[in-house]
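The block underneath contains the structure these notes are about, expressed in structure tokens.
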Amino acid sequence: MKAITPLAGLRILDLTELLPGPYATQQLAEMGAEVIKVERPAGDAARVMFPDLFAVVNRGKKSISLNLKDDTDRAVFLRLAERADVVIEGYRPGVTTRLSIDYETLSALNPGLVYCSVSGYGQTGPARNWPGHDLNYAAMSGAAAISGAPDGPPEYTTGVPIGDLSAAMYAIITILAALRARDVTGRGQYLDVSITDALASWVAPRYGVWDAARRAGREVTKADILRRAAYGIFQASDGKFITIGAIETHFFRRLIRATGMTGFDDPELDDYAARTARTDDIQAALAPLIGAKPYGHWAKVFEAEDVPFAPVNALKDLANDPHLKARGMVCAAGEAQVLAFPVPMAGMGEPVGQVPEVGEHHAEILAQIEDLE
């Protein structure tokens, strides 16, 4: 018997734009949810500002165009909300109340509705109305302060909008958890997802190290958190970059054997703290050894010696990386080449590929409402 798509039958109204909300709902669409993108008449601002980004995070959705300031269009939205499982919105706090599409209004029509708000700083607190972007959230959450060079100033260097994506993950997790609770209680609930809070939660492992030191009366610096011996990105003789992560003692000893690195046979270096104290020496000895031979040599040697390593892939390399290719991570969705949903699940098929035009499914969705009345 063919397995059903995991979220088949789930209807989501998506009022979000740009990245966090659309990424969350696109992932839910990959799992089989019907996602109706409710766009203002001009469309999601990302259609013009970041058209390539828009295409990536809005595949597989339907689009209806509504002016929610207009009574007639708002009435259409309310009828849709009566039949939806989830509403997700990304306005600034207070906007949905002014539009009369807030949780209190919609839950009175549909008590089982799960309503998720995604905002920069959350619905409460002194910064709730501040505008912001990923950089700002990374700064407030503590992520920027522990990024960059161990001895350098705060940086925002990930290359990936981790604040936006962390919020998308918490939106997905809490929406699915709230739907599970609804299975038991019959009632939905309101979810206040703050991008800053989400990213602060991801800072937790580093915060735990700082707090343990605080309780012991010690100070922990960024260098204490980030400095690791035999851990980093190194350039090989052919110009390619390779990552090495020989943190544990057994991996460190294998790295010494694989590279022929000398001067670090002292048994005291079996202690992680002792190796950390000599990080600069170890990195300085390792860099020229890696730089003396090409990437292919080191890949073969490190694989044979069981040393943690990986290539530094550029975006253009992803489709041809043997491991990612074997895992099916880069595949076709229509004419596009996309990164697939990362977890194999029963019922999941090929990635959804359609990128809707503004209001493309307007008539279809209205017809469905009328058929149900």
Q. Shared ILVMFWY cluster between V352 and V86, side chains joined below 4.5 angstrom?
A. no
Q: Determine the minimum heavy-atom distance between F252 and R275, stating which atoms define it.
A: CD2-CD, 3.4 Å
(Q) Can you tell me how far apart CH2 (W130) and CE (M140) are? Round to the nearest 0.5 Å. (A) 4.5 Å
**Q.** salt bridge (Lys or Arg N to Asp or Glu O under 4.0 Å) assessment of E30 paired with R59
**A.** CA-CA 9 Å; E30 291 282 8; R59 293 181 292 108; 3.1 Å; yes
Q: Mind running side-chain hydrogen bond (donor to acceptor under 3.5 Å, both in side chains) on Y231 and T279 for me, showing each step along the way?
A: CA-CA 9 Å; Y231 186 94; T279 294; over 6 Å; no
Q | Aromatic F264 / basic R278 pairing, under 6.0 angstrom, 45° off normal | A | no
**Q.** Worked check of salt bridge (Lys or Arg N to Asp or Glu O under 4.0 Å) between D151 and R227
**A.** CA-CA 9 Å; D151 298 312; R227 181 173 282 118; 2.7 Å; yes
Q. Are S107 and Y115 close enough that a side-chain donor and a side-chain acceptor fall under 3.5 Å?
A. no
Q) If you look at every heavy atom in Q123 and S119, which pair is closest and at what distance? A) NE2-OG, 3.4 Å
Q) Passes side-chain hydrogen bond (donor to acceptor under 3.5 Å, both in side chains), T96 versus D102? Steps please. A) CA-CA 5 Å; T96 59; D102 54 297; 5.6 Å; no
Q: May I ask whether F77 and V358 are part of the same hydrophobic cluster, defined by side-chain heavy atoms of I, L, V, M, F, W, Y residues being less than 4.5 angstrom apart, directly or through others?
A: no
(Q) Is there a path of hydrophobic side-chain contacts, each under 4.5 Å between heavy atoms, that joins L165 and I146? (A) no
Q: Following the transitive rule for hydrophobic clusters with a side-chain heavy-atom cut-off under 4.5 Å over Ile, Leu, Val, Met, Phe, Trp and Tyr, establish whether V312 and F309 coincide in one cluster.
A: no
Q.
Would you say that more than 12 heavy atoms from the other residues, nucleotides or ligands in this model lie under 6.0 Å from the CZ of R257, or not?
A. yes
Q: Before accepting this row, confirm whether a basic side-chain N of the pair R182/D85 lies closer than 4.0 Å to the acidic partner's carboxylate O.
A: yes
Q: Walk me through it: do N320 and K325 pass the test side-chain hydrogen bond (donor to acceptor under 3.5 Å, both in side chains)?
A: CA-CA 6 Å; N320 295 314; K325 196 171 185 177; 4.6 Å; no
Q | Over all atoms of both residues, closest heavy-atom pair of A274 and E268 | A | CB-O, 3.4 Å
Q. Would you call R254-D306 a salt bridge at under 4.0 Å N-O?
A. yes
Q: Please assess E89 against S117 for the test side-chain hydrogen bond (donor to acceptor under 3.5 Å, both in side chains), listing each intermediate value before the final yes or no.
A: CA-CA 5 Å; E89 62 89 11; S117 294; 2.5 Å; yes
Q: Verify whether one side chain among D321 and N313 offers a donor that lies under 3.5 Å from an acceptor in the other.
A: yes
Q) Hey, what's the ring geometry for W298 with F302, parallel, tilted or perpendicular (30° and 60° as the breaks)? A) parallel
Q) Any chain of hydrophobic side-chain contacts (each under 4.5 Å) joining L315 to V57? A) no
Q | Partner of H361 by side-chain hydrogen bond (donor to acceptor under 3.5 Å, both in side chains), out of K62, Q354, Q368, K37 | A | Q354
Q) Picking from E357, E39, E17, what satisfies side-chain hydrogen bond (donor to acceptor under 3.5 Å, both in side chains) with R47? A) E39
